Amino acid sequence: MMDELMSLAESHIVTADTLDVEEIRRSFPIFSRPENEGLVYLDNAATVQRPRQVLDAIVEFYIKHNANPHRGAYRLSEQATQQQERARSKVARFIGAGSSEQIIFTRNATEAINFVARGWGDKFIKAGDEILVSKLEHHSNLVPWQMAAKRTGATLRFIPFDAHGNLILDDLDKIINRKTKLVAITQASNALGTMPPLDRIIAAAHAVGAKVLVDGAQAVAHIPVNVTRLNADFYAFSGHKMMGPLGIGVLYGKRQWLEEMDPVHFGGDMISDVRELDSTWNELPWKFEAGTQNVAGAVGLAAAIDFIKTIGLKRIEAHNRSLTVYALEELAKMDQIKVYGSGDARGPVISFELAGIHPHDLATFLDQRNIAIRAGHHCAKLVMKSLGVSSTARISFYIYNSLHDIDFFIAALREAKGFFSKWR
Ligand SMILES: Cc1ncc(COP(=O)(O)O)c(C=O)c1O
């Protein structure tokens, strides 16, 4: 364990707090609420908090520009359209997409993945084909593929992971073969933090003509992402994990695949022409955006991107890494702790178990000390089954967390050990 920590630390410049956390925290109104005084929020993999800049942008949209976009020939409607399309361009630039038409607004990463499973999968995956996922996937990047396999008659196959949480890729050329039509893979596991070697997997998939969907939900707010360089065919993420509002997400796709793919939702705004018995579809990206869209969500997401940019993803990455390394070091000093996964490359997510204490009991105990952690299967039951457990406790970090938060958490963990040992 210590050796792995050393190599993690050596491979990156690890400093203490690389960000001015106090200053950053002041931008987040939730931390200045009297009832949240001293809150140590360590459930960032579930959702992060929103800065005032994002909240203000949403309110400003409703106060100044609210109307139904793409529908009215009047000033406010045009403004709403402009706001939405500006947000789309910002998202496109942020993830290095070739054009804003390749950015489809969805409700979240889950919906983005379902769009591909339905709209692309049902059209292009046939009986006898293979869909490949990893055992690290969040249910959002697993269940849609189970259903697509059932609908199309394809076989769903899995890349397993080893005791460190790294994907086992020794037989990559067998696992990815001529039958493989689509590989759906996470960029960062929400359960173990593992960041699979996507370059290698994407190159292997493309070598046999398979498409790759990357689930970027846990990555896009943590590391610089360039979907064009990554060469992902599809890329999905949620706004709420990157300080944007709840209810807005993004599907990116290579233009040709998006053009060939069928829409999944049907109704207003996504049509080109409507006749009695059939219709034709609008151009990209609107063909996928049926009904009135969450413009305030898109505007909030754009504000979140601005906020991320003012800090810088490289600094965010370094900060999160230093917190992760420090937390792993402190956890390693404790006995009766089992940390799950110590992958070669990892995000700021640590799953663990304190011997003899159910993760839910631990989370409740920590909540009484104003520390929010996650306990459960983390919507990754295949990870839990591979580990042979039903649940874990999980901490995850973001820009407003400090080394002090970790010290506070570790002290509370020691206290929990003492408390629960009385009942054993
Ligand atoms: C890796 C990963 N993929 C997908 C999702 C689904 O995100 P959402 O619930 O916002 O659709 C999550 C959410 O935790 C996640 O961690």
Side-chain angles (χ1 to χ4, degrees), residues 41-50 54 91 95 104-118 133-147 158-159 161 165 167 183-196 198 201 212-223 225 227 230 232 234-252 264-265 294 297-298 300-301 304 320 340-341 343 345-351 372-384 386 391-398:
Y41 184 76
L42 300 178
D43 195 19
N44 294 288
T47 194
V48 297
Q49 301 298 340
R50 288 106 190 79
V54 169
V91 172
I95 62 167
I104 319 291
F105 284 125
T106 63
R107 281 187 302 157
N108 45 39
T110 303
E111 189 173 73
I113 295 166
N114 274 279
F115 271 16
V116 181
R118 277 269 178 198
V133 296
S134 86
K135 288 224 171 166
L136 289 171
E137 301 311 315
H138 187 281
H139 297 161
S140 294
N141 198 28
L142 168 63
V143 182
W145 303 114
Q146 292 176 340
M147 299 309 290
F158 295 89
I159 310 176
F161 61 85
L167 290 186
V183 179
I185 184 101
T186 189
Q187 195 170 15
S189 154
N190 68 308
L192 300 181
T194 316
M195 300 179 85
L198 289 188
I201 294 167
V212 182
L213 176 140
V214 174
D215 173 0
Q218 293 292 342
V220 74
H222 294 270
I223 56 171
V225 169
V227 288
L230 189 62
F234 300 103
Y235 191 90
F237 60 96
S238 291
H240 70 94
K241 293 185 198 287
M242 52 185 290
M243 299 184 284
L246 294 160
I248 188 86
V250 171
L251 170 65
Y252 155 87
V264 174
H265 292 161
N294 181 2
L301 179 59
N320 290 341
Y340 293 102
R346 65 179 304 152
V349 171
I350 302 173
S351 258
I373 73 157
R374 185 61 150 226
H377 54 66
H378 317 299
C379 295
K381 281 202 171 209
L382 293 191
V383 175
M384 299 299 122
S386 299
S391 62
T392 68
R394 182 187 74 183
I395 51 175
S396 48
F397 310 118
Y398 206 48

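Since the structure is predicted, the reported quantities are computational estimates derived from the model, not experimental observations. Along the sequence shown, the residues carry numbers beginning at 1. Counting starts at 1 for both ligands and their atoms, following the listed order.
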Taking only distance into account, with no hydrogens and no angle test, what donor-acceptor pairs under 3.5 Å do side-chain atoms of residues 239-252 form with protein atoms, sequence neighbours excluded?
| residue | atom | partner | partner atom | Å |
| --- | --- | --- | --- | --- |
| H240 | ND1 | T47 | OG1 | 2.8 |
| K241 | NZ | A45 | O | 2.9 |
| K241 | NZ | A46 | O | 2.9 |

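Contacts between H240 and ligand 1, counted as non-hydrogen atom pairs separated by less than 4.0 Å, involve the side chain only. Contacts between D215 and ligand 1, counted as non-hydrogen atom pairs separated by less than 4.0 Å, involve the side chain only.
For atom 15 (C) of ligand 1, the closest non-hydrogen atom of the protein is H138 CD2, 3.3 Å. Annotation: atom 9 (O) of ligand 1 to nearest protein heavy atom, T110 OG1, 3.7 Å. The protein atom (non-hydrogen) at minimum distance from atom 14 (O) of ligand 1 is K241 NZ, 2.5 Å. Shortest contact from atom 16 (O) of ligand 1 to any protein heavy atom: Q218 NE2, 2.7 Å.
Residues passing the salt bridge (charged side-chain N to carboxylate O under 4.0 Å, His left out) test with R50: none are found, sequence neighbours excluded.
Judged purely by distance below 3.5 Å, without hydrogens or angles, the side chains of T186 and H138 never pair a donor atom with an acceptor atom. In the model, Q187 has a side-chain atom that pairs as donor or acceptor with a side-chain atom of Y235 under 3.5 Å.
Of the listed options A45, A46, S140, S140 places a heavy atom closest to atom 6 (C) of ligand 1.
When each atom of ligand 1 is checked for a heavy atom of S238 under 4.0 Å away, the hits are 7 (O), 8 (P), 10 (O), 11 (O). Against a heavy-atom cut-off of under 4.0 Å, N190 is close to the following atoms of ligand 1: 16 (O).
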Check: Checking side chain to side chain contact (heavy atoms under 4.5 Å, CB included) for the pair I95/F237: CA distance, chi angles, key distance, verdict?
Finding: CA-CA 11 Å; I95 62 167; F237 60 96; 4.0 Å; yes
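Contact between E137 and ligand 1 is absent, with no heavy atom of the residue lying under 4.0 Å from the ligand.
Under the 3.5 Å distance criterion, the side-chain polar atoms of T110 are left unmatched by any main-chain donor or acceptor of S140.
Between E137 and I185 there is a side-chain heavy-atom pair separated by less than 4.5 Å.
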